[in-house]
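The structure appears below as structure tokens.
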2 protein chains.
Amino acid sequence: MTSTSPEPAAGPAEADGAVLIRRLEIADRERGFLPLLAQLSSCPDLTASEFAACFADLAALGDDHVILVAEDPAAAPERRILSTGCLFVERKFLRGGGKVGHVEDVVVDAAARGRGLGLRVVRRLVEIAKEAGCYKVILDCTPDLRAYYAKCGFVEKGVQMAVYF
Amino acid sequence: MTSTSPEPAAGPAEADGAVLIRRLEIADRERGFLPLLAQLSSCPDLTASEFAACFADLAALGDDHVILVAEDPAAAPERRILSTGCLFVERKFLRGGGKVGHVEDVVVDAAARGRGLGLRVVRRLVEIAKEAGCYKVILDCTPDLRAYYAKCGFVEKGVQMAVYF
């Protein structure tokens, strides 16, 4: 991974095309990863060592847990993270020991919305799930995001229920 | 784990109270676990070695992956499995490195429905998630099951979207 895109940055469309979609790095704590997540839900800051511990826990899951980020090459040297999304792979007894991909924690920075970055992240997560042999990918969202995820091939399948402690 | 409940079996309510809720054992392949799952979704048979491999993959996740079963002591020596449900724990950067419990693959044998066995399994999974420090538990279901899961404290939060490969 580098901070330099191989594509030239010209107009906004080209610049967006040059945005790098890559796996989360531990150094992304310094590139606004947690403040970005805080735009989605409660995300208190983690110290560098807390972040490293969480990163290690998730990295231990290998390809069963993938966090992608969209990095803005135009924001060098800060290399600000503009979007993120997560995939984890669940193994089941169903479907002959099948695998299901779960997409979670998709967010685009408020100042970078409308540029298709979230869709690029989600489409790549779906590709990764397919490559991993998942028979489906699922996610939960608010009803107003149905059309957004339909652009990535998702169809409505049911309702999400939750218990909060 | 034993096949004998400590509670006496009298009328149906007491007999149901005596049903044992416990973690999946590898021997449950012989107790109808896969045919039970097949009542929920496609679940081809697995050979004993395939089942053992799948069991080992999931057991390696420790307390982050719990499959519960309801075993009927009245069906000894078969010890038929009447219901099952699964919890897996997802770790996040959100919520200070928080954990979310996902309930999956809940099913009750068609001949054992209406006895509250599925609710007992789900309530226990929710307790386990709480004990594990999850800040919430989520599941996806069809709209007609909203009221069923409301009995376990679940409220509707959103829509489930899916891509099938």
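Chain naming here is simple, since letters A, B, ... match the order of the sequence lines and numbering starts at 1 in each. Predicted model, so just to flag it, every value in this text is computed and none were measured.
In terms of heavy-atom proximity, A:Leu37 sits nearest to B:Leu94 at O-CD2, 3.7 Å. Here the closest heavy-atom approach between residue B:Val163 and residue A:Cys152 is recorded as CG2-O, 4.0 Å. When all heavy atoms of A:Ala150 and B:Met161 are compared, the pair lying nearest together is N-CE, 4.4 Å. Closest of all the heavy-atom pairs between B:Cys54 and A:Gly97 is SG-CA, 4.2 Å. Summarising the geometry of B:Gly96 relative to A:Pro44, their closest heavy-atom pair is N-CD, 3.5 Å, with the distance given to 0.1 Å. Pairing each heavy atom of A:Arg91 with each of B:Leu58, the nearest pair is O-CD2, 3.5 Å.
Classification of the A:Phe33-B:Phe93 ring pair by plane angle, with boundaries at 30° and 60°, yields perpendicular. Ring geometry for B:Phe88 versus A:His102: interplanar angle over 60°, hence perpendicular rather than tilted (30 to 60°).
For A:Leu46, the part sitting under 4.5 Å from any heavy atom of chain B is the side chain, from C-beta outward, and nothing else. Contacts of A:Glu50 with chain B are absent, with no heavy-atom separation under 4.5 Å from either backbone or side chain. With a 4.5 Å cut-off on non-hydrogen atoms, A:Leu145 does not touch chain B at all. At a 4.5 Å heavy-atom cutoff, B:Leu36 makes no contact with chain A through either its backbone or its side chain.
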Start with the C-alpha distance between B:Tyr164 and A:Val155, add both sets of side-chain angles, then the distance that settles side-chain contact (heavy atoms from CB on, under 4.5 Å), and finish with yes or no.
CA-CA 9 Å; B:Tyr164 281 79; A:Val155 294; 5.6 Å; no
Taking it one step at a time, do A:Asp140 and B:Lys157 satisfy salt bridge (Lys or Arg N to Asp or Glu O under 4.0 Å)?
CA-CA 9 Å; A:Asp140 296 317; B:Lys157 289 299 292 182; over 6 Å; no
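At most 12 heavy atoms of other shown residues, nucleotides or ligands fall within 6.0 angstrom of atom CG in B:Asp63. A 6.0 Å sphere centred on NZ of B:Lys99 holds more than 12 heavy atoms belonging to other residues, nucleotides or ligands.
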